[in-house]
Amino acid sequence: MSNKLKTLSVHQLESLISDAVGEYIDEDCSCQISNLDTPNIDSEADIAIEDERKLRFDIELSYREE
C-alpha cells in the first residue's frame, strides 16, 4: 500500500468504496467510515519497501434494492 492511500480524506475513501460497491451490486450505495486508524508515515523513503503497512477502519454500507 502506498502512502497515497493514506493521504485520502475520509470523504474520498467513502466515495471510492461506495462507487465500487454500487457498481458491483448495480445499486446506489452509500458508505460511512468511522474509526479510521492510519500509521503516521512521513514518506516512502522513511520505510523499507517490504515493510507491512495497514489501514484500518469500520465501514457501514447502505443501499436500497429497487
Side-chain angles (χ1 to χ4, degrees):
M1 174 188 339
S2 78
N3 282 339
K4 288 181 182 180
L5 184 56
K6 293 178 182 152
T7 62
L8 288 172
S9 71
V10 170
H11 177 72
Q12 289 171 313
L13 190 55
E14 288 172 340
S15 293
L16 285 170
I17 293 169
S18 63
D19 290 348
V21 172
E23 184 176 318
Y24 179 75
I25 64 173
D26 198 27
E27 301 285 347
D28 286 336
C29 180
S30 65
C31 171
Q32 184 174 7
I33 290 176
S34 59
N35 300 321
L36 183 62
D37 176 29
T38 58
N40 184 12
I41 297 175
D42 295 329
S43 71
E44 288 287 337
D46 293 335
I47 57 173
I49 297 299
E50 66 273 8
D51 285 352
E52 182 177 335
R53 300 169 203 158
K54 296 179 181 179
L55 176 66
R56 293 186 186 123
F57 53 88
D58 294 328
I59 184 170
E60 180 178 312
L61 295 172
S62 59
Y63 65 95
R64 181 179 305 268
E65 291 182 348
E66 300 286 330

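Numbering of residues begins at 1 and proceeds along the displayed sequence. In what follows, every heavy atom counts, from backbone to side chain, and hydrogens, waters and symmetry copies are set aside.
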Which donor-acceptor pairs under 3.5 Å do side chains of residues 11-18 form with protein atoms, sequence neighbours excluded?
from  : atom 1 : to    : atom 2 : distance (Å)
Gln12 : OE1    : Ser9  : N      : 2.8
Gln12 : OE1    : Ser9  : OG     : 3.4
Glu14 : OE2    : Ile33 : N      : 2.8
Ser15 : OG     : His11 : O      : 3.1
Ser18 : OG     : Glu14 : O      : 3.0
Ser18 : OG     : Ser15 : O      : 3.2

With sequence neighbours excluded, tell me which residues meet side-chain hydrogen bond (donor to acceptor under 3.5 Å, both in side chains) with Ser62.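 Ser62 satisfies side-chain hydrogen bond (donor to acceptor under 3.5 Å, both in side chains) with Ser30 once adjacent residues are dropped.
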Rounded to the nearest 0.5 Å, how far apart are CG of Asp28 and CZ of Arg64?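 Going from the CG atom of Asp28 to the CZ atom of Arg64 covers 11.0 Å.
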My understanding is that only residues two or more places apart in sequence, or in another chain, count here; which of them pass side chain to side chain contact (heavy atoms under 4.5 Å, CB included) with Asp26?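 Partners of Asp26 by the side chain to side chain contact (heavy atoms under 4.5 Å, CB included) criterion come out as none, since no residue qualifies.
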Count the heavy atoms of every other residue, nucleotide or ligand shown that sit under 6.0 Å from CG of Asp19, and state whether that count exceeds 12.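 Yes, CG of Asp19 has more than 12 neighbouring heavy atoms, counting only those of other groups under 6.0 Å.
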